[in-house]
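Structure first, commentary second.
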Amino acid sequence: MSMEICTIMTRLGYGEEMRRWRVEKYRELNRLADTRSSHAIHVIAGSKAEGLTCHLESDLDMLHVWKGVLCVEAGINLHTIPDDIDVFRMDTRVYPGHCRLLQERRAHTRFTQIQNSLCDNGYGAVLLSSSLFLDECSASFTRSEIVEHERAGPSLPATMKGVYHFDRVPALRCHCPIILQRWAARTRHWPSPVIVKKVESLGAYLTPVGFKGSDYQHMEWRMCFNTGETELVNNLNSTQTQVYVMLKMILKDVLKPCKKEVTSYVIKNIVLWQAENNPQHNFYKRSFLYWLHDGLRDLKTAIVTQQLSYYMIPERNLMAATGLQDKQQSKWVADITDMMDEGPNVILRLPKIRQAIVASPQPMLWFSKIRMEFEMLCLENLINRIGQDEHNAILQQIMRRQVETLMEVVQRMLIDGCDVNDLHDIYYRILM
C-alpha cells in the first residue's frame with residue numbers, strides 16, 4: 001500500500017524528478033528577479049523553492065531583503081562590515097526567536113522605509129520599529145495591476161490577474177553565527193555535516209513581526225532561516241517529501257484551520273525533526289505509511305500540549321499564542337485519532353488522492369504527463385519573458401507548444417462529453 005501511494009504521489013507531480021526540476025527553475029527565476037531590483041534581493045521561499053507544488057497550486061512566497069542593511073548579534077566586530085552598510089544590533093532579551101533592533105551605525109545613504117521607521121526609545125537609543133517598517137513597505141509595494149489583501153503577520157498577500165497569488169515579506173539580512181552554531185552543534189542523524197555547514201553559511205533574516213503575546217510586538221522582529229530551511233527540505237529524500245506533502249494535504253483538506261491556528265510551517269518542522277531524530281535509511285517507499293502515522297501522532301501531540309519546538313531555535317514554541325480554542329482543539333484531536341485508526345484508508349479523505357485512485361489508469365497517466373509538461377512550459381515561458389526579449393524564437397516555440405497542449409486537453413474533454421466553455425479556466429485548472 002505504501003508503494004502504491006508513492007506511485008500515485010509521483011503521478012500527481014510530487015515525484016523526485018519533477019521536484020528537482022522545479023527547484024532548479026525557481027532558482028533561475030530568483031536569479032532573474034534579482035537583476036531587476038536595485039533596492040532589494042529577492043528570495044523565493046516556501047513550497048515553490050522546495051519544488052513541492054505545481055505552478056498555481058499554492059501561493060508564491062517571496063522575501064524582499066533590503067540591501068544596505070545588516071542586523072548583527074552582540075559581539076560582532078563592526079569594523080568587519082563595510083562603511084556604507086546600516087548596522088542594527090539585535091537585542092534578543094525578548095521571546096525566543098525574536099529580537100529588537102537598536103541602531104548601531106548609521107550609513108550615509110538609507111532607504112526612506114528605514115528612515116521613517118526609526119524611533120527613540122526614551123533612553124537615548126534608536127530602535128527600528130517592525131510595525132512602522134511594514135507600513136512603509138506596504139505603501140511602496142502597491143501597484144495598479146495588483147489586488148492587495150489583508151496582511152498576515154509579516155506578509156503582504158496579493159493577487160494578480162485573479163489567479164496568481166503571492167505573499168511578499170519584507171526582510172532584513174541577519175548575521176547571527178552564535179545561534180546557527182548552536183543549531184549546528186546538535187547531535188543528529190541528519191543532515192550530513194556538509195549540509196549542516198552550508199545551512200550555517202546561508203545565515204538568517206529578520207521579518208517585521210513580533211511575538212503575538214508581547215506588549216511590544218510592534219517593536220519586535222522574528223528570526224527566519226528561509227534559505228537554510230529550503231536547503232534542508234531539498235535534502236530530504238522522496239519518501240520524506242511525500243510524507244510532508246500528504247501531511248500538508250491533511251491539514252488543508254481535513255483539519256481546515258480558519259485562523260492559521262496550525263499552519264503548514266508546523267508540518268514542515270514536524271518533518272524536519274523526524275528526519276533529524278531517525279536514521280536516514282529508515283525512510284523508504286515501503287515505510288511511507290509508518291512515517292505518515294508518526295507525523296500525525298506528532299501533530300496530535302503538538303495540538304494537545306500546545307508545544308512544538310522550532311527546528312532552528314528549539315526554545316521558540318511554534319504553538320504559543322496561536323489562539324487555538326478548546327472546542328477546535330478537541331475536534332482536531334478526535335479527527336487525527338480517527339485518521340490514525342483508519343490506517344491506509346486515511347488517504348481516501350483527500351480529494352486529490354481519491355480522484356487519482358478512482359480514475360482509470362490510462363487517462364490518469366495521460367493527464368499526469370500533460371500536466372507536468374504544461375507546468376514545465378509555463379515556467380519556461382515565465383523565465384524567458386523575464387530574461388529575454390518577449391519576441392525571441394524560443395519563447396514563440398514555448399507558446400506554440402502551450403496552445404497545442406491545451407487543445408489536446410480540450411479535445412479529450414469533448415470526446416469524454418465534457419462542456420468546454422472557458423479556455424482560460426481550463427488553462428488555470430491544469431496548473432492548480
Side-chain angles (χ1 to χ4, degrees), residues 5-35 42-62 163-166 191 195 198 202 226-246 248-249 264 268 271 275 283 285 288 352-353 356 364-388 392 394-406 408-409 427-432:
I5 294 169
C6 289
T7 300
I8 290 169
M9 294 289 280
T10 298
R11 288 175 183 170
L12 288 171
Y14 305 115
E16 192 68 5
E17 189 176 348
M18 192 64 187
R19 174 168 76 113
R20 297 295 174 196
W21 184 87
R22 288 189 189 115
V23 167
E24 285 307 312
K25 291 303 166 184
Y26 279 108
R27 280 177 183 164
E28 192 174 344
L29 201 58
N30 214 145
R31 287 192 292 268
L32 290 170
D34 273 347
T35 63
H42 296 91
V43 178
I44 294 176
S47 59
K48 291 289 186 282
E50 296 158 1
L52 294 176
T53 53
C54 193
H55 190 42
L56 298 181
E57 187 179 351
S58 68
D59 299 347
L60 172 67
D61 300 323
M62 182 173 283
V163 291
Y164 295 102
H165 304 286
F166 45 95
I195 300 303
K198 185 171 182 180
L202 291 171
N226 301 76
T227 46
E229 289 171 14
T230 296
E231 184 64 29
L232 289 167
V233 172
N234 290 345
N235 277 277
L236 295 170
N237 68 25
S238 60
T239 300
Q240 290 166 317
T241 55
Q242 289 181 349
V243 166
Y244 176 28
V245 169
M246 189 163 284
K248 288 204 294 182
M249 285 182 182
S264 60
K268 180 189 287 189
V271 171
F283 296 91
K285 287 185 178 181
F288 175 89
K352 191 175 282 191
I353 303 295
M364 177 65 196
L365 284 170
W366 172 82
F367 182 71
S368 173
K369 175 180 171 293
I370 285 285
R371 186 182 192 235
M372 284 187 236
E373 182 186 1
F374 206 64
E375 181 184 359
M376 288 178 172
L377 289 166
C378 288
L379 273 177
E380 292 287 6
N381 184 326
L382 185 58
I383 288 166
N384 272 270
R385 283 180 182 277
I386 293 174
Q388 300 180 36
N392 74 77
I394 295 174
L395 183 56
Q396 296 303 315
Q397 286 181 332
I398 291 170
M399 292 170 67
R400 199 158 38 243
R401 180 56 191 156
Q402 280 182 289
V403 172
E404 290 171 0
T405 307
L406 183 60
E408 196 176 332
V409 173
Y427 176 94
Y428 294 131
R429 286 177 66 186
I430 292 171
L431 294 170
M432 288 178 176

Revision key, fill the gap. The side-chain contact (heavy atoms from CB on, under 4.5 Å) partners of Met62 (sequence neighbours excluded) come to His42, Ile44, His64
Exercise for review: Could you pull out the closest heavy-atom pair between Leu236 and Val271, with the gap in Å?
Suggested key: CD1-CG1, 3.9 Å
Practice item. Test side-chain contact (heavy atoms from CB on, under 4.5 Å) on Met376 and Met18 and set out the steps. Key: CA-CA 9 Å; Met376 288 178 172; Met18 192 64 187; 3.8 Å; yes
Practice item. Determine whether more than 12 heavy atoms belonging to other residues, nucleotides or ligands lie under 6.0 Å from atom NZ of Lys352. Key: yes
Check your understanding: Could you give the distance from CG (Asn381) to CD (Gln397), rounded to the nearest 0.5 Å?
Key -> 12.5 Å
Exercise for review: Side-chain contact test, heavy atoms from C-beta onward, threshold under 4.5 Å: evaluate it for Tyr427 versus Val409 and give yes or no.
Suggested key: no
Review point. At what distance, to the nearest 0.5 angstrom, does NE2 of His55 lie from CZ of Phe374?
Key: 10.0 Å
**Study point:** Evaluation steps, side-chain contact (heavy atoms from CB on, under 4.5 Å), between Leu406 and Ile430
**Key:** CA-CA 9 Å; Leu406 183 60; Ile430 292 171; 4.2 Å; yes
Point to revise | Heavy-atom closest contact (Ser238 atom, Arg19 atom, distance) | key: N-NH2, 4.4 Å
Review point. Distance from Ile353 atom CD1 to Leu12 atom CG, nearest 0.5 Å?
Key: 5.0 Å
**Study point:** Whether Asn237 side chain and Phe283 backbone form a donor-acceptor pair below 3.5 Å
**Key:** yes
Check your understanding: Are side-chain heavy atoms of Tyr14 and Met246 found at a separation under 4.5 Å?
Key -> no
Review point. Below 4.5 Å, heavy atoms only, C-beta onward: do Met399 and Arg385 meet side chain to side chain?
Key: yes
**Study point:** Side-chain donor/acceptor of Gln242 to backbone N/O of Thr239, under 3.5 Å
**Key:** no
Check your understanding: If every non-hydrogen atom of Lys48 is compared with every non-hydrogen atom of Thr53, which pair is closest and at what distance?
Key -> NZ-OG1, 3.1 Å
Check your understanding: Is any NZ, NE, NH1 or NH2 atom of the basic residue among Arg20 and Glu24 found under 4.0 Å from an Asp or Glu carboxylate oxygen of the other?
Key -> no
Check your understanding: If you look at every heavy atom in Ile8 and Ala356, which pair is closest and at what distance?
Key -> CG2-CB, 3.7 Å
Exercise for review: Compare every heavy atom of Ser264 with every heavy atom of Lys248, then report the nearest pair and how far apart it is.
Suggested key: CD-CB, 3.6 Å
**Study point:** N/O donor-acceptor pair under 3.5 Å between Ser368 side chain and Met364 backbone
**Key:** no
Point to revise | Approximate separation, where rounding is to 0.5 Å, of Tyr164 OH and Leu382 CG | key: 7.5 Å
Review point. How far does CG of Asn235 sit from CD1 of Ile195, to the nearest 0.5 angstrom?
Key: 4.0 Å
**Study point:** Where Cys54 and Leu431 come nearest, the two heavy atoms and their spacing
**Key:** SG-O, 3.3 Å
Exercise for review: Quick one: pull up OG1 in Thr405 and CZ in Arg401 and give me the separation to the nearest 0.5 Å.
Suggested key: 3.5 Å
Practice item. May I ask you to decide if Leu52's main-chain N or O and Arg22's side chain share a donor-acceptor pair within less than 3.5 Å? Key: no
Review point. For Glu404, does the CD atom have more than 12 heavy-atom neighbours from other residues, nucleotides or ligands under 6.0 Å away?
Key: yes
Review point. Does the side chain of Glu229 come within less than 4.5 Å of Val233's, by heavy atoms?
Key: no
Review point. Under 4.5 Å between any side-chain heavy atoms of Glu50 and Tyr244, yes or no?
Key: yes
